[in-house]
Amino acid sequence: MPRRSPPADKPGRVPLWDPDGYSSEVSGDGGDGAGAYLVGRGIADITGEAAECGMLGYGKAYQRTKGLHTRLRSRAFVIADEVSGRRLLLSINDLPMVFDSVHREVLAQLLQRYEGLYTDENVVVTATHTHCGPGGYSHHRLYNSNTGGFRPQTFGAIIDGILEAVERAHSDTSPSVLKVGHGELHDASSNRSRTAFDLNPAEERAFFPDAIDPQTTVLAIQRDGQVVGAINWFATHGTSMTNRNRLISSDNKGYAAYHWERLVEKVDYLAPESPSFIAAFAQTNAGDMSPNLNHRPGSGPTEDEFENTRIVGRRQYEAASAALEAAAAIDGPIDSRITYLALAGVEVGPKFTGDGRSHRTSPGCGGAASFAGTDEGPGFRGFRQGRNPVWDGLSNQVWYRLFPKLREAQAPKGVVVPGGLINRLVPFAQDRVPVQLLRIGRLYLLAIPGEATIVAGLRLRRTVAAVVGAAVTDVLVAGYCNAYIHYVTTPEEYEAQRYEGGSTLFGRWELAAFQQAAARLAEAMRDGKAADRGDPPPVIKPPRTAKQSLGCDEAPPGRNVGDILTGPLASYRLGEQVRIVVAGAHPNNDLRRGDSYLRVEFQDEAGWVRIADDGDWSTKFHWARRGERVSEITITWDIPSGVRPGRYRITYLGSAREESGRLRPIEATSDVFEVSVE
């Protein structure tokens with residue numbers, strides 16, 4: 001694939017207002033092309049508990065929410081073929097992962113609302129994989145380990161938001177042209193497991209000369225000569241924000257979407273549920289792709305995790321915009337197939353194992369290397385990537401001696417967590433998962449519930465491409481879809497037992513099992529036949545609910561709930577930070593989904609106009625507990641260079657819980673302050 005540079009200035013590229021104060025451009029429009037599609041777009045808020053909820057991704061007990069930097073969004077796209085009536089629903093969510101709990105509930109609600117129009121076969125629910133979102137929304141115990149149990153509020157916010165976005169997309173369907181474009185992006189990812197990557201065959205390493213997957217793909221939606229939506233796929237982890245961060249963040253992919261949407265709208269403030277342009281930045285085979293370019297947590301390209309999030313997100317936007325410049329209209333069918341794979345015991349034929357013999361996967365096992373962490377953040381003491389002599393020796397002397405079949409599938413992994421055994425006692429981790437193949441004209445998406453490394457992704461892409469006769473560039477592995485089973489590595493990478501290999505739960509032949517399933521789906525799609533669906537996972541009841549101490553809200557001595565404790569200065573300049581402190585209420589009293597905990601307002605001729613809220617990059621909402629029942633709220637606003645000079649104010653919004661349990665709305669507005677250019 002040739003390298004592509006950012007496009008030069010040319011007619012049709014119009015400079016627009018930049019929400020961060022940096023100059024930027026978006027593409028002008030070309031003419032409509034062929035294609036008979038009905039497409040709809042929708043967006044909604046899925047932000048969960050902003051206080052005292054364990055975050056998901058890094059697995060650190062101390063990383064519990066203490067406010068938010070950006071809200072989390074669900075973006076939905078309905079794509080239907082006008083001729084055949086077949087349709088797809090792509091739900092792309094600012095979440096750490098998608099679990100069976102979410103997938104199952106979304107499908108159940110869609111069945112009830114749309115009477116079979118949207119099913120497990122044509123619906124894909126995927127995550128951007130931010131590591132700074134609230135957890136506690138899985139029905140499997142492993143993923144609620146740092147949340148104290150199941151969190152119904154966060155789960156409800158996710159489900160309600162996903163369904164709202166779908167409802168808006170369904171209602172928005174209109175005749176549209178679809179365009180697909182590819183490009184390359186070389187400075188938004190790095191390979192965090194190079195030693196494992198280097199064990200792959202030379203031909204595969206040569207496909208990725210920089211040990212990264214630079215391909216960026218955009219699917220654009222065009223109506224009446226205007227681009228009204230876009231989905232981008234690019235492989236990099238959602239770990240620009242470190243495990244030291246306690247504010248909810250959509251990370252680099254969320255920023256990329258936020259940035260593009262506001263550029264196109266050309267407004268100071270964008271009401272999040274009603275944009276005329278919706279952009280989603282989805283994942284592909286990001287298993288070994290890190291945004292930390294200096295191979296240290298929060299390092300690269302700068303030493304500031306917030307700035308890194310913005311820069312890496314912006315680079316993804318710029319690459320997607322450049323790919324859109326070269327995008328071509330597509331036509332062709334809409335199609336989908338699904339199968340359920342029982343990963344704890346798949347018989348894989350010699351065509352996919354690489355050694356000419358059949359092999360079996362085994363029940364899931366967490367390896368010692370999976371507890372060591374990566375350059376995204378250190379793991380747990382006593383573990384390291386590569387060999388772990390104590391755990392390796394214990395596995396050889398106990399697990400592999402007692403269970404030879406386990407050795408054949410899992411060695412040389414040093415087994416720490418025998419997930420298959422634990423699953424017999426409690427629903428610990430999912431082992432029966434959906435694998436899905438979607439077609440949009442010439443574009444194919446293989447949706448898997450794991451994190452494939454780039455070479456594992458390449459093998460999956462080539463498997464599908466060879467069957468359906470597509471170009472490899474037009475086949476994408478869509479990771480983090482519909483469930484979660486951790487990592488997918490090649491057998492060669494697995495041998496190194498780096499973090500990714502230790503987290504390939506079902507052993508050395510897991511990738512081969514996915515390849516075999518992908519080939520069967522592709523054959524069924526090519527031949528116009530139904531796929532063998534297999535058996536879906538069993539229904540799991542929610543685990544115990546986390547205990548929360550949401551008593552009545554109190555204020556510091558001598559103050560009332562809603563009082564402003566620290567007000568703003570009288571005046572500020574562009575680029576400075578405004579800060580206020582409020583005696584507030586516990587944020588979990590009311591998640592204010594679809595709304596905000598704060599408003600930044602500008603006074604114009606007609607009155608006070610909102611220009612930012614808690615979903616904007618320029619604001620931060622900090623919560624701190626003082627004593628048992630006092631919530632101290634700190635709101636900051638970093639004044640962007642693009643705002644107008646004049647009079648401003650900041651308002652805090654919350655809901656205070658009284659002794660009776662009743663919630664009382666509170667609103668606290670700061671004194672007016674001036675913003676000047678100089």
Side-chain angles (χ1 to χ4, degrees), residues 37-40 76-93 98-127 159 162-163 165-167 169-170 173 178 219 231 282 332-343 430 432-450 460 463-464 467-468 470 475-485 513-514 516-539:
Y37 299 107
L38 295 171
V39 185
F77 300 84
V78 172
I79 303 174
D81 184 338
E82 279 193 298
V83 177
S84 69
R86 290 178 177 168
R87 63 178 53 209
L88 302 176
L89 168 57
L90 309 181
S91 172
I92 301 163
N93 302 281
V98 169
F99 297 114
D100 178 66
S101 56
V102 172
H103 186 231
R104 188 183 296 274
E105 183 63 22
V106 167
L107 289 173
Q109 293 286 341
L110 292 176
L111 177 64
Q112 193 174 49
R113 297 183 187 194
Y114 298 103
E115 298 181 345
L117 192 61
Y118 301 107
T119 70
D120 61 347
E121 186 167 284
N122 67 356
V123 173
V124 59
V125 185
T126 188
I159 299 301
I162 289 175
L163 293 170
V166 172
E167 181 180 354
H170 180 83
T173 51
L178 294 178
L219 175 67
I231 308 172
I334 298 296
D335 209 351
S336 58
R337 299 287 189 281
I338 193 170
T339 188
Y340 289 92
L341 198 59
L343 282 170
Q430 189 170 347
R432 187 181 293 273
V433 298
V435 183
Q436 201 174 10
L437 183 62
L438 313 174
R439 182 181 181 184
I440 307 169
R442 76 168 203 254
L443 185 67
Y444 292 83
L445 303 176
L446 178 65
I448 67 170
L460 289 166
T463 297
V464 172
V467 174
V468 300
V475 179
L476 305 178
V477 171
Y480 312 93
C481 292
N482 304 325
Y484 186 68
I485 52 93
F514 277 115
Q516 182 171 270
R520 291 171 177 171
L521 289 173
E523 289 165 359
M525 184 174 287
R526 178 198 62 196
D527 299 338
K529 297 180 179 179
D532 180 1
R533 288 177 51 87
D535 297 321
V539 176

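Keep in mind that the numbers below use all heavy atoms, side chains included, and drop hydrogens, waters and symmetry copies.
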T173 and V39: side-chain contact (heavy atoms from CB on, under 4.5 Å), yes or no, with the steps? CA-CA 5 Å; T173 51; V39 185; over 6 Å; no

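Taking the six-membered ring where tryptophan is involved, the planes of Y118 and Y114 are perpendicular, since the angle between them exceeds 60° and thus also 30°.
Nearest heavy-atom pair across H103 and N482 is CB-O, 3.3 Å. Heavy atoms only, all atoms of each residue included: R337 and A530 are closest at NE-CA, 4.3 Å. Closest heavy-atom contact between L438 and S336: CD2-CB, 3.7 Å. Contact detail for A517 and T339: the closest heavy-atom pair is CB-CG2, 4.4 Å. For the residue pair L521 and A531, the shortest heavy atom distance occurs at CD2-CB, 3.7 Å. The two residues P537 and D100 come nearest to each other via the heavy atoms CG-OD1, 3.5 Å.
Among I162, L163, V98, V123, the single residue meeting the side chain to side chain contact (heavy atoms under 4.5 Å, CB included) criterion with S91 is I162.
Rounding to the nearest 0.5 Å gives a distance of 4.0 Å between CD of E82 and CG of L38. Rounding to the nearest 0.5 Å places CG of L437 at 12.5 Å from CD1 of I448. One finds the CG atom of L89 at 13.5 Å from the CD atom of E121 (value rounded to the nearest 0.5 Å). Of the inter-residue distances, the one linking I231 atom CD1 with L476 atom CG reads 11.0 Å to the nearest 0.5 angstrom. From I159, atom CD1 reaches atom OG of S101 across 7.0 Å, with rounding to the nearest 0.5 Å. We find the CG-CD1 distance between L90 and I79 to be 5.0 Å, quoted to the nearest 0.5 Å.
In this structure, V124 and L88 have side chains that are not in contact, with every pair of non-hydrogen atoms separated by 4.5 Å or more. Side-chain atoms of Y340 and P434, non-hydrogen and from C-beta on, do get closer than 4.5 Å to each other. Annotation: side chain of Q109 is not in contact with side chain of V166 (no heavy-atom distance under 4.5 Å). The closest side-chain heavy-atom distance from R104 to P536 is not below 4.5 Å. Contact check for H170 versus R113: no side-chain heavy atoms found under the 4.5 Å cut-off. Counting heavy atoms from C-beta on, the side chains of L343 and F514 come closer than 4.5 Å. Residues L111 and T119 are not in side-chain contact: their nearest non-hydrogen atoms beyond the backbone lie 4.5 Å or more apart. In this structure, the side chains of Q436 and C481 stay at 4.5 Å or more apart for every pair of heavy atoms.
A side-chain donor-acceptor contact under 3.5 Å links N122 to the backbone of L117.
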